[in-house]
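The next block holds one structure in the form of structure tokens; read it before the comments.
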Amino acid sequence: MTDSLAFTGAGLLERTVAALADRAPAIVAAAADQMRGIRLGLHFNDGSHATLTVQHSHLIVAQERCPDPDVEVAFDDRAMNLVFDLQRRPTTEVLSESLDVRGSQEQTLATWRAFTLLSQRASGLRSVQELWGSYREQAPQLWGASTEAAADRAGPDSRWRALDFLTGLRPADVPGQQRPALVGGTTVTAPRLLWDGRQTSPWWHEDRISDADLRQTMEICRSRTNDEMQRLMPDREPRAELYDLMRSYPARQGKGLRPTLTIAACAAFGGRPEEAVRAAAALELFHNGFLVHDDIADESTHRRGLPTMHEEHGVGLAVNVGDGLNLLAVDAVLSNLETLGLARTLGLIRETLHMCRESVEGQAMELGWIRHDVVPPEDDAYFVMSTKKTGWYTCISPCRIGAVCAGITDPGVLDRFDEAFRLIGIAFQIQDDILNLVGEEAVYGKEALGDLLEGKRTVMLIHLFRTMPEHERPRIQRILQRRRTEKIQQDAEELLSAMLRHGSIEYATDLADRLAAEGIERFERDLEVVPENEGKAVLRQIAHYVTTRPL
């Protein structure tokens, strides 16, 4: 999107939806759920147009006129002024040739609910406040008076009063929110629905919900964890052949998913976030040790855009570096004894051992399939393998370990994370497998089509073997049976072409979306006992992140 389009009405809508998909995917998913199957056409006071549709749990904005909308909305200057005035009843806002809405009753009401949800919950995020504040500054004719006194003289429609209130709001100002912010104020609370069709009330008196800024939260949690890992790294010889190399993979920063889950789960159960940072660092050390060893087993050439450890320094040094990272992770877990005490540290040891056992069992399953030239006939086998290999240490264990850091050691409570994050973890892994095939290498961070060269048994490969005709099978099997060093890029492209031809990528995308939706449903049901707080808000955003990340 060019700068010239940035602050048209249509441009503002596109930027707002993009910001929410990046920072608060739970809001986007909730709005998308209201608008499924509806094509919305929007016309703005500045002559710009937009089409809004839903794809899976994504809101898709196109800055173009909608040719055949189910619902059509037109905004004039007055309507743009009222977008964030959360005390106005809908009946006072919808006027012919002002905020003009056309469509069937059912679809119009669904659209109204989606936009009410977007405006009220999105208004609680500082990043969205800044975005809309910039729009207001670039379109002063919509807001009229620049001072409060002048606004009072000019009348009620001359100021964007709700945004003014939000601009001055800080988490510490919210009644009843005395606990320190999880990551220094990325979360601002937003109001619930004000008008129920019978009565209305001032929106700052309503019960509040939280929507965390996920991107900023993940950046800060990742930074805290990386700092802790650096403190844990020994400063002694042999540096060049061991300790400097041990810093290599952690320095290739990932998304920060595991540290964020760990710290957020701790906060959700009332713990202090700093109590979970060392455990989060231990998880990341384990993860990077696993990656070094996995890259050797898979004969991978690149990791996060750089040569793998064994490609750059040889297999011998790489194996030792992986061992060193795992040893340092064990030491980091044990060092919690000084700060968390015996009971919580024993709980961490138990959870960590279980996580490692699941991971090596999952790795054994996948390597066994490749060694014996087996492609599982059904998806369930993949679900078991991916849950064991990556689901536990990527999603389930970080949540359980974070809760242990807060003092929760009851298995009945910890088990409440398992099913929700099992489903979310499988969906996340399927999406990663898809990105390896169709994503940009610079974004994904691994070699293009690396999973096909390595012979990974993905959902797409399993689907391909279930659906392709018999006359194609011998050729595909011959390619798959070749060792990694024997395959060439053309082989991988041939496998990808077969997957695209038989709908395997589309099948996997739909499957991931369905599993993620089931996981979110289990999250709300199984974790209902956890009070609404900032930690739980972050966990919820991560759960929804799986349904809204771009593929």
Side-chain angles (χ1 to χ4, degrees), residues 219-263 266 272-297 300 302-342 344-357 359-360 363 393-394 397-398 401-402 404-405 445:
E219 287 173 354
I220 296 175
C221 290
R222 182 181 62 197
S223 177
R224 287 184 180 182
T225 303
N226 286 341
D227 289 346
E228 183 67 15
M229 281 194 289
Q230 291 304 314
R231 282 192 288 271
L232 292 169
M233 288 286 181
D235 183 19
R236 61 173 182 263
E237 295 292 344
R239 289 185 174 84
E241 290 75 26
L242 180 61
Y243 293 117
D244 288 347
L245 298 184
M246 284 171 61
R247 291 179 171 86
S248 171
Y249 271 33
R252 307 178 187 186
Q253 294 190 3
K255 292 176 285 290
L257 181 64
R258 279 167 299 276
T260 305
L261 284 170
T262 305
I263 294 170
C266 178
R272 292 182 292 119
E274 56 268 26
E275 294 178 322
V277 171
R278 178 154 293 192
L283 276 173
E284 285 300 277
L285 289 168
F286 274 119
H287 171 61
N288 283 280
F290 291 157
L291 290 183
V292 173
H293 288 162
D294 282 357
D295 287 344
I296 297 170
S300 299
H302 287 79
R303 168 68 60 183
R304 294 174 184 161
L306 296 172
T308 52
M309 183 74 66
H310 68 279
E311 283 285 316
E312 190 170 8
H313 300 285
V315 172
L317 279 178
V319 169
N320 198 49
V321 166
D323 291 344
L325 286 165
N326 287 329
L327 179 62
L328 191 59
V330 172
D331 190 46
V333 173
L334 291 174
S335 68
N336 282 285
L337 188 63
E338 300 173 3
T339 55
L340 299 184
L342 179 60
R344 282 186 281 181
T345 302
L346 288 175
L348 291 176
I349 293 170
R350 178 178 178 141
E351 292 297 328
T352 300
L353 290 174
H354 182 243
M355 175 194 73
C356 292
R357 183 171 64 250
S359 297
V360 297
Q363 178 78 335
Y393 85 77
T394 297
S397 291
I401 285 172
V404 170
C405 290

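Just so you know, residue 1 is the first one in the sequence shown, and it goes up from there. Computed from a prediction, not measured in an experiment: that's the story for all the values here.
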Please report the shortest heavy-atom distance between [X] and [Y], naming the atom on each side.
X      : Y      : result
Ile296 : Ala318 : CD1-CB, 3.7 Å
Pro307 : His302 : N-CD2, 3.9 Å
Leu285 : Ala329 : CB-CB, 3.7 Å
Ala281 : Leu232 : CB-CD1, 4.1 Å
Gly289 : Asn326 : CA-OD1, 4.0 Å
Arg247 : Pro234 : NH2-O, 3.5 Å

Could you give me the CA-CA distance, side-chain angles and deciding distance for Asn288 and Met246, then say whether side chain to side chain contact (heavy atoms under 4.5 Å, CB included) is met? CA-CA 9 Å; Asn288 283 280; Met246 284 171 61; over 6 Å; no
Are any non-hydrogen side-chain atoms of [X] and [Y] less than 4.5 angstrom apart?
X      : Y      : value
Met233 : Leu325 : yes
Glu338 : Thr345 : no
Leu346 : Arg350 : no
Arg258 : Thr225 : no
Pro259 : Arg224 : no
Arg344 : Glu275 : yes
Arg278 : Thr339 : no
Asp295 : Met309 : no

Starting at [atom1] of [X], measure out to [atom2] of [Y] and round the result to the nearest 0.5 Å.
X      : Y      : atom1 : atom2 : result
Ser359 : His354 : OG    : NE2   : 9.5 Å
Cys405 : Leu348 : SG    : CG    : 4.5 Å
Leu261 : Thr394 : CG    : OG1   : 9.0 Å
Glu237 : Leu242 : CD    : CG    : 10.0 Å
Leu283 : Thr262 : CG    : OG1   : 4.5 Å
Phe286 : Leu327 : CZ    : CG    : 9.0 Å

Salt-bridge criterion met for Glu228 and Arg231 (N-O under 4.0 Å):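 Between Arg231 and Glu228 there is a salt bridge, with a charged N closer than 4.0 Å to a carboxylate O.
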Tyr393/Phe290 aromatic ring centres below 6.0 Å: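 Centroid separation for Tyr393 and Phe290: below 6.0 Å.
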Would you say the side-chain atoms of Asn336 pair up with the backbone N or O of Ala332, donor to acceptor, closer than 3.5 Å?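 Yes; judged by distance alone, with no hydrogens or angles, the pair exists.
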Any donor-acceptor pair under 3.5 Å linking the side chain of His310 with the backbone of Ser300?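 Looks like yes, one N/O pair under 3.5 Å.
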Name all residues meeting the side chain to side chain contact (heavy atoms under 4.5 Å, CB included) criterion together with Arg252; count only those two or more places apart in sequence or in a different chain, and write none if there are none.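 Checked Arg252 against side chain to side chain contact (heavy atoms under 4.5 Å, CB included); matches are Ser248, Tyr249, Arg303, Arg304, Leu306, Glu312.
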